[in-house]
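Reading through the structure tokens given below for one structure.
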Amino acid sequence: MKFLQINFDRFDGLDSIQLEDYLESRPAANYLLLDCRQVTQSQLLELLEAVRTCYIIYAYPNQEQSDALQALGDFDVTKIWEDADFIEHLTFMFDDLLQTQGFSALPDEAARLRDDFPGRIERRGRYEMLVEGDFPEETVLLDFQRLVKNWGRTVFVMPFRRFYNAPGRHRLTFDYATTGDLQVIYVIYTLDRAGNLIKTDRIIDKEYRFDAPKNAEYRGQILLKGSGSVRLGKVWTYKDKLNLGWFQAGDQRTETEAGELIHSLYLPGKRHGKLIVGFSGNLSELPHYERQSMANYGFPVLLFCDLRGRGGAFHIGKIGDHQYENAVMKRIDDLLISLNLTRSDLIMAGWSMGSFPAVYYGMKMQAGDVIAAKPLLHIGSITQKVEVAFKTEPSMISAREYLTGFYRPEDTEQLDQIIENCLRASDLTKTNFYSFIMKNDELDHCESFFRNIKNSAKSVACVEEAGFHPEKIPEMSRWIDQILSNLTKSL
């Protein structure tokens, strides 16, 4: 990761350049480092005009400078600017190694239920379980081990594996909900490579800062005490970013009343008139905000990252619960208000699993434009095709289990009707639809949907390419870029 110092030369090993020279030559860097005491307000505004948003890491701003920088999503690190390990800390925060953030499943492959556990346990898919009972004393529910037997042979596993490649401070969020006076206690044991105990973290809160040392290994337990029940979900792992973000510096996290987490990243733009909203496709347990390049067109961009289930759950709420959807729309509406825009100024974009929310929210919110690439709209039928989904993308099975709590054939029609019910309740007369369809898509066939809305939508434009669902990614990307380019030129 390359940092470039502007108008000062303090950090050894980093390139430094004067502002005038930078504006002339624009050398490449991941981020610019700026001591605001070294520039005037007019110089700062000149720099902000020249560079993209979310690009400057700065310290010691006055109020006027702070307002200008924050408006474009840049990052104030004054609190660590004088630290001896500043660059190391900065690299840890901003170098996004995807495998070191995300979640651990409970129980994952390193966790084993105690054979003598006295309570009742109900598994709910891969990522959730319900436990209930009466535990007068602390009772071990799960042990996280390093050696486990799998298919008759002993294998090595890595409990809390997110920490192995990213020593440093992490933020942990424990997803659980209890009834009665039941208490949940997580214990993480940190050992050196010789097996000697270095430290024990005993965690009773849902939020925790965990220091992962270098060259360490981990074990753990989950303990219960009291009476009642607990829904146990994932353990979320983030690099500590000094409250500047969660998965990525600058992103936000919203929690619904039901405890569902919504991660979103806002990239402020310098061009007025549109807000682009992008929804992630399948993420396969690796958190990232896809297609940040859509910000290249100058409009502000809001990206949603869905890691419920294995790699997403189509960005909608569990069946019968609309809290998640209402929170998504509120996030969008709040930004529209701050930008002095209306819903007709929305460009909703999504691909594969993300195409469903682009169409769904696009219809519900009467967006001006909806871009759906490799659309998947009949999510009941899609997730019913077990043999196809496991061959192509097992996240589809996980999404069904998450949304319904089960895997029941009778849920197929209800899931398929979500988009149809939304269509019947929506006014499409102000919305332009663009779709990129694979003719041989083994997951879903959506030509009929776009054909049927041609008379009710403002306009519908479809492109069809020969091939199966995973194919033609470069062509799809160029098509999305072309649509956005045309929309930009139309203003």
Side-chain angles (χ1 to χ4, degrees), residues 102-164 172-206 208 210 212 216-237 259 285 308-310 390 394 397-398 400-402 404-408:
F103 63 83
S104 296
L106 285 179
D108 66 6
E109 67 277 8
R112 290 295 177 265
L113 294 165
R114 295 295 292 264
D115 293 335
D116 57 350
F117 181 71
R120 174 181 173 271
I121 299 173
E122 176 186 311
R123 291 297 304 271
R124 294 180 173 178
R126 180 179 178 186
Y127 303 105
E128 193 170 281
M129 62 193 305
L130 179 69
V131 182
E132 57 186 10
D134 183 13
F135 313 102
E137 304 295 332
E138 288 187 2
T139 302
V140 177
L141 167 65
L142 294 175
D143 278 315
F144 292 84
Q145 308 167 19
R146 187 167 184 262
L147 294 172
V148 298
K149 287 192 174 181
N150 189 15
W151 296 96
R153 61 191 180 92
T154 300
V155 297
F156 288 96
V157 294
M158 299 173 68
F160 306 105
R161 62 188 182 276
R162 302 282 180 189
F163 304 140
Y164 280 75
L172 304 183
T173 297
F174 299 89
D175 174 22
Y176 63 83
T178 60
T179 65
D181 64 354
L182 192 64
Q183 183 180 28
V184 181
I185 304 157
Y186 290 81
V187 183
I188 300 178
Y189 302 103
T190 303
L191 299 81
D192 63 23
R193 293 299 171 86
N196 301 309
L197 182 65
I198 299 174
K199 68 187 181 84
T200 300
D201 289 79
R202 182 182 168 90
I203 305 162
I204 60 173
D205 297 318
K206 290 187 176 182
Y208 191 75
F210 179 80
E217 294 187 355
Y218 306 93
R219 310 286 187 273
Q221 292 178 322
I222 298 178
L223 311 177
L224 302 178
K225 184 178 180 181
S227 298
S229 66
V230 58
R231 177 196 58 79
L232 281 171
K234 299 171 178 176
V235 178
W236 296 90
T237 305
E285 300 187 359
R308 299 167 305 151
R310 181 177 185 269
F390 270 115
I397 303 298
S398 175
R400 185 186 183 106
E401 290 177 335
Y402 184 87
T404 66
F406 306 94
Y407 187 86
R408 304 178 303 191

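Everything numeric in this text was worked out from a predicted model, so none of it was measured.
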Hey, does the side chain of [X] reach the backbone of [Y] with a donor-acceptor pair shorter than 3.5 angstrom?
| X | Y | answer |
| --- | --- | --- |
| Thr404 | Tyr402 | no |
| Thr179 | Gly228 | no |
| Lys234 | Gly309 | yes |

Could you pull out the closest heavy-atom pair between [X] and [Y], with the gap in Å?
| X | Y | value |
| --- | --- | --- |
| Ile185 | Glu138 | CD1-OE2, 3.5 Å |
| Leu191 | Gly195 | CD2-O, 3.2 Å |
| Ser398 | Arg310 | OG-N, 2.7 Å |
| Arg408 | Arg400 | O-NH2, 2.8 Å |

Is the closest side-chain heavy-atom distance between [X] and [Y] below 4.5 Å?
| X | Y | value |
| --- | --- | --- |
| Leu223 | Glu137 | no |
| Asp192 | Glu217 | no |
| Asp181 | Ser227 | yes |

To the nearest 0.5 Å, how far apart are [atom1] in [X] and [atom2] in [Y]?
| X | Y | atom1 | atom2 | answer |
| --- | --- | --- | --- | --- |
| Lys225 | Gln183 | NZ | CD | 7.5 Å |
| Asp175 | Ser104 | CG | OG | 12.5 Å |
| Ile204 | Phe174 | CD1 | CZ | 11.5 Å |
| Arg114 | Ile121 | CZ | CD1 | 11.5 Å |
| Thr190 | Arg219 | OG1 | CZ | 10.5 Å |

From the options [options], select the one residue that forms a side chain to side chain contact (heavy atoms under 4.5 Å, CB included) with [X].
| X | options | answer |
| --- | --- | --- |
| Tyr176 | Ile222, Val131, Leu232 | Leu232 |
| Tyr208 | Val235, Ile188, Ile203 | Ile203 |
| Val184 | Thr178, Asp205, Leu141 | Thr178 |

Test: Arg231 and Glu128 ion pair at under 4.0 Å: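 Judged by the 4.0 Å cut-off on N to carboxylate O distance, Arg231 and Glu128 do form a salt bridge.
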Residue pair Gln221 / Tyr189, side-chain donor-acceptor N/O under 3.5 Å: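 Side chains of Gln221 and Tyr189: pair found under 3.5 Å.
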Tyr127 and Phe103 aromatic ring geometry - parallel, tilted or perpendicular at 30°/60° bounds: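 Perpendicular.
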Parallel, tilted or perpendicular: ring planes of Phe163 versus Phe160, cut at 30 and 60 degrees: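 Ring orientation of Phe163 relative to Phe160: parallel.
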Lys NZ or Arg CZ of Lys199 over Tyr218 ring: under 6.0 Å, within 45°: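 Cation-pi check for Lys199 and Tyr218: fails.
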Phe135 ring center within less than 6.0 Å of Phe117 ring center: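 Yes.
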